[in-house]
Amino acid sequence: MLGRDNELAALVARVTAARRGDTGCAILTAPSGFGKSVLLDSLLRAPGCRGMTVLRGHCREPGGGAGAYSGLRALFAATDTPATHREETDGAGHPAEFLPGPGGTQRFSLPSAYPVFRRLHRHALRLMAHRPLVLVLDDAHDCDEHSLRWLDFILRRAAGHPLLILLARRSEARLRAPGAWAGLLAQPAMSVLNLGALGTDTVGSLAEQVFGTPAHPRLARDVAAVTGGNPRTAVRLLRELRRRGAGPDEAGARQAVELGARMAARSVRRVLARERAELRSAAAAVALLGTEPLKHIAVLADVDRGSAEEAVTVLRHAGALSPDGADVVHDPVRDALLESLSVSQRAELHARAALLLSDAGSPADQVARHLVELPQVHEPWMAAVLRDAAAWAEQRGAFSDAARFLRRALEAEPDDAEARLRLAVAVTPTDPLAAAALFRTALADAADTAARASIAVQYAMACLTVPLPASHRAELLEALEAARDTLTNDSQTDVQLRDQVAAVLLLMGRRRTDTAGRQPRGPATAPHQVRTGLSDPLQTAALGALHDALSGHSRERAVRDGRRVLVAAPKQPLWLQLAAATTLALADETADAHAALDTVLRRTADEPASWTRVLALTTRSTLLRRDGAVFDATAAARVAIDTVGESGSDASMRKARAVLASALVDQGEPQRAERLLDGISRAEPSGSAIENQLYLYARARARWAAGHPAQALRLLRECGWAQEAAGVVNPVFAPWWAEACLILAAMRHPADGRELADQGAERARRWGTPRALGLAALARGVLTPGRAGVDLLAESVHHLSRSPAVAECARAEYALGRALLLHGDETAARNRLRRAAGLAGGCGALALAESARNLLVSAGGRMAGAIGTSTGGLLTTTELKVAGLAVSGASNRQIAQRLFVTVRTVESHLTNVYRKLGVRRRDGLGVALCAVQGRSMQLPGESVLEGT
């Protein structure tokens, strides 16, 4: 009865109404095993049925003595009428005296049945004269026509009498008397109650009863799915699990899926063994096509429509179909339906199914799923369908399906260069090294320069962070540089490709070294010119925006093109979204950058260990750290590293470890950061110059925090040389120059840093974001003595307070407070140091917060009482961060940014938790909040989860 409270309440209400004289009839319908009889048992034991005359019978299947009036004989056989109430006059007595004997098979005729109906009606009225009457028939789908016609007869004449008729029938069973049912269902007093499948929470309660302890949510979810919510099957599966020694945990859930599928397959085999050959053929067709439309099943199985419909009914009765009845419930069940066929017969059936669906105009992916099962794909139309199906899979982000379709298409047409290139793109998210081999083949087969350039661009972007062998990298660079030097302005295609090649070479660390006929080389790479009317404007826009961002040119154009990609590329290769995210992040368009990453993570949700997903997680951790969410960046980087570990690949480890190391430095753990960076091989070949720059920057910060400023300065200059060589001169990407100025100021060598500060200021003015302008003012301020330096540091605070760069703003506040203290303005200095401590503590930069607090105390100040008092113990970590920003005087933009980043980070990180705990996405945030507050939560559809 678990999970049937609503249905039981509805039936009790019908009983109560019948007691008042409101005649009614209710039909319980559900598949076999859904608990119809159990529900009726519970109802009849309920207090509302006490004092009522209850007659209950069970209809038998046709052929087992179930002739005319068999349902009524079963129903009235239990009549217990005292002898004092029997009337012998007018032929009125016990129904056994006037109901025809068993074995009658006559067709229904109202004139012949009317005398029996009348006498049985008077008998029912005599029963109702003493007590309310309840008539209950189980397995009513097997009820004969005479019995159903009498129920219709009495319902039309029992108005105002205390009568309730309850009929239980299997929803999947064929009705023995459909015409009589139609008349009965037309009665105004009739109601139909459908018993649905059990939900996850109810299955969890069943598991707790079976095992005697609360079950893991994943076990409840998987048992509900593998049994289709069938109570009887669920109980059998849970008891079998317990008998085998499994526990109600995640391991038990994995066993439940395997065992449940095998149980369902065995049940289907037993059912099919009793059926005729036509039904078994139709069942095999259902395994391939699903249940709709029936005409396709009939044609594929070469049977009539009636046999196809009967096969679907049999499979539904056997539990072989999904709850919606559209397809087979499990792959083992599908195998059971097809196991009587030989390998050649299966292949022939798949070929016929593909041809049938193709002729019917079905979607290409439905046809392709049969084509991939063929031993050979040899006809041209098959390759065309496979290519179309792959295109649809690419749009959905189902890259594994796309790769499978394209591989079979290449078997039919091995010289199809376009299909090979698409296969390389489809393989990239899951296996970029295999994709690199495909790209190399496509590159070798390309004859003209334009084709090689187009392939090389996609090759480079798809494998940007892949540790390519040196020979592969050399081939790729050779193709790109040859295209750069050969392509001219003769056609728009050449112009587009040359622009794309220039952007890719920038990412790979190769800038132009020649000057003849090229844009002049200066302190920064010349701006990328986006042209219109090109054959691939979206790819050009993405690479152009990234080129502008990394080279520090035209922030407005970079943002415009990045947003264009963000809006227009949900079905394009995912590297376009990653390029847009990087561009928008450098422009401090944080919300749009996170939206681009959300698209990547959403499209790779079914492949949690894919290369592209790991890269998106790493990019998100980078963005979080840049915006001052140090703790969140640490968590995101660890998720990326853990995912890499699970996949057994070493992809994206350099970038993720560099981000994590920088976050650890912010938290005051430089030794841990250095140990983490020690695991990165500097000599490891890579397709991207970006990773090496981030590594050098993180290593330098760790060295400085560990007390080695000279070594840190050397690493920072090396980072600067790498950026200059690559042409990556955006002032906010790995801002080594600002860090170097801070170190030189601390080493009391300000003169050595002024050239760097001036160069950074020029690039910051060109890029124009408040972050860039603030860093430039900070670098110049710490190098400038006296009041001029104080003014520059105040300008830095002003700019950074208008940006998402909370940690940098805290550093500027600290530097300004220190400068004011040296200048003799202790009151203003204490205010600035207090704000610096609050900002740094709120964003997780614990080392800076401690330094600011120590300097504040030495200056005779103390922190405000709102933070660190007893009230703080009632706040969550996120609330303390936001409160710290508010008390420190942060701008509304920074506080809003903190809240936005926190919510976005919770949503991102809990995706991994959902998968491990088996929690549904819409309940995940509730689980997180309960965990923070240290309490448990009853989730709808889930068992109780402890908030630990």
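Values below: every heavy atom of this structure, side chains too, minus hydrogens, waters and symmetry copies.
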Notebook entry, point to check: Can you name the side-chain hydrogen bond (donor to acceptor under 3.5 Å, both in side chains) partners of Glu418, sequence neighbours left out?
Noted result: none
Notebook entry, point to check: Taking all atoms of both residues into account, what is the closest heavy-atom pair of Ala734 and Leu694, and its distance?
Noted result: CB-CD2, 4.4 Å
Notebook entry, point to check: Looking at side-chain heavy atoms only, is the closest gap between Asp365 and Asp401 below 4.5 Å?
Noted result: no
Checklist line | Arg626 (side chain) donor-acceptor with Ala585 (main chain) under 3.5 angstrom | finding: yes
Check: If you measure from CG on Leu623 to OG1 on Thr582, what distance do you get to the nearest 0.5 Å?
Finding: 9.0 Å
Next item on the list: Say whether, by atom type as modelled, one donor and one acceptor occur between the side chain of Gln500 and the main chain of Ala453 under 3.5 angstrom.
Entry: no
Next item on the list: Can you see which heavy atom on Ala364 is nearest to which on Asp388, and at what distance?
Entry: CB-CB, 3.8 Å
Note to self: As an exercise, state the distance from CG of Leu421 to CG of Leu438, rounded to the nearest 0.5 Å.
What the structure shows: 9.5 Å
Margin query: Can you confirm whether Arg657 sits close enough to Tyr695 that some side-chain heavy atom of one is under 4.5 Å from a side-chain heavy atom of the other?
Written below: no
Next item on the list: Write down the atom of Ala812, the atom of Leu800, and the distance for their closest heavy-atom approach.
Entry: CB-CD1, 3.8 Å
Next item on the list: Could you list the residues that satisfy side-chain hydrogen bond (donor to acceptor under 3.5 Å, both in side chains) with Arg771, not counting sequence neighbours?
Entry: Asp588, Asp627
Check: Quick one: salt bridge (Lys or Arg N to Asp or Glu O under 4.0 Å) partners of Arg452, sequence neighbours excluded?
Finding: none
Notebook entry, point to check: Who are the side-chain contact (heavy atoms from CB on, under 4.5 Å) partners of Arg563, not counting sequence neighbours?
Noted result: Val559, Leu584, Glu589, Asp592
Next item on the list: Measure across Ala661 and Leu676 and return the closest heavy-atom pair with its distance rounded to 0.1 Å.
Entry: N-CD2, 3.7 Å
Margin query: If you apply the rule side chain to side chain contact (heavy atoms under 4.5 Å, CB included), what do you find for Phe733 with Gln723, and how did you get there?
Written below: CA-CA 9 Å; Phe733 179 81; Gln723 284 193 355; 3.7 Å; yes
Checklist line | Atom pair CG (Leu480) and CG (Leu505), whose distance is rounded to the nearest 0.5 Å | finding: 5.0 Å
Check: Between Glu808 and Arg811, is the closest basic N to carboxylate O distance under 4.0 Å?
Finding: no
Next item on the list: Go through the steps to decide whether Arg613 and Leu601 satisfy the test side chain to side chain contact (heavy atoms under 4.5 Å, CB included), and finish with yes or no.
Entry: CA-CA 6 Å; Arg613 185 176 182 85; Leu601 294 172; 3.8 Å; yes
Notebook entry, point to check: Does Thr769 have any side-chain hydrogen bond (donor to acceptor under 3.5 Å, both in side chains) partners at least two apart in sequence or in another chain, and if so, which?
Noted result: none
Note to self: Can you tell me how far apart CD (Gln759) and CD (Glu724) are? Round to the nearest 0.5 Å.
What the structure shows: 5.5 Å
Item checked: Straight-line distance of Asp548 CG to Arg557 CZ, nearest 0.5 Å -> 4.5 Å
Margin query: Between Asp632 and Arg620 (salt bridge meaning N to carboxylate O under 4.0 Å), is one present in this structure?
Written below: no
Note to self: So which atom in Cys719 and which in Trp736 form the shortest heavy-atom distance, rounded to 0.1 Å?
What the structure shows: SG-CB, 4.1 Å
Notebook entry, point to check: Partners of Arg407 by salt bridge (Lys or Arg N to Asp or Glu O under 4.0 Å), sequence neighbours excluded?
Noted result: none
Note to self: Could you walk me through whether Leu597 and Leu617 satisfy the side chain to side chain contact (heavy atoms under 4.5 Å, CB included) test, starting with their C-alpha distance in whole Å, then the side-chain angles of each, then the deciding distance to 0.1 Å, before giving a yes or no?
What the structure shows: CA-CA 8 Å; Leu597 295 175; Leu617 289 170; over 6 Å; no
Check: Is a donor on one side and an acceptor on the other found under 3.5 Å between the side chain of Arg555 and the backbone of Ala587?
Finding: yes
Note to self: Give me the atom names and distance for the closest heavy-atom approach of Gln693 to Ala722.
What the structure shows: NE2-O, 3.9 Å
Next item on the list: Tell me, please, which residues at least two apart from Ala390 pass side-chain contact (heavy atoms from CB on, under 4.5 Å).
Entry: Ala402, Phe405, Leu406, Arg422
Checklist line | Residues that Ala437 engages under side-chain contact (heavy atoms from CB on, under 4.5 Å), provided they are two or more places apart | finding: none
Notebook entry, point to check: Would a 4.5 Å heavy-atom cut-off, applied to side chains only, mark Pro770 and Leu773 as touching?
Noted result: no
Notebook entry, point to check: With Asn730, which residues qualify under side-chain hydrogen bond (donor to acceptor under 3.5 Å, both in side chains), at least two apart?
Noted result: none
Next item on the list: Test Arg701 against Leu664 for side chain to side chain contact (heavy atoms under 4.5 Å, CB included), laying out the working first.
Entry: CA-CA 10 Å; Arg701 295 187 72 237; Leu664 290 173; over 6 Å; no
Next item on the list: Name all residues meeting the ring pair (Phe, Tyr, Trp, His ring centres under 6.0 Å) criterion together with Phe439; count only those two or more places apart in sequence or in a different chain, and write none if there are none.
Entry: Tyr459
Next item on the list: May I ask you to test the His594-Leu624 pair for a side-chain heavy-atom distance under 4.5 Å?
Entry: yes
Margin query: Restricting to side-chain contact (heavy atoms from CB on, under 4.5 Å), what partner residues turn up for Ala776, sequence neighbours left out?
Written below: Trp737, Ala761, Ala764
Check: Roughly how far, to the nearest 0.5 Å, is the CG atom of Leu778 from the OG atom of Ser796?
Finding: 4.5 Å
Check: salt bridge (Lys or Arg N to Asp or Glu O under 4.0 Å) with Arg638: which residues, sequence neighbours excluded?
Finding: none
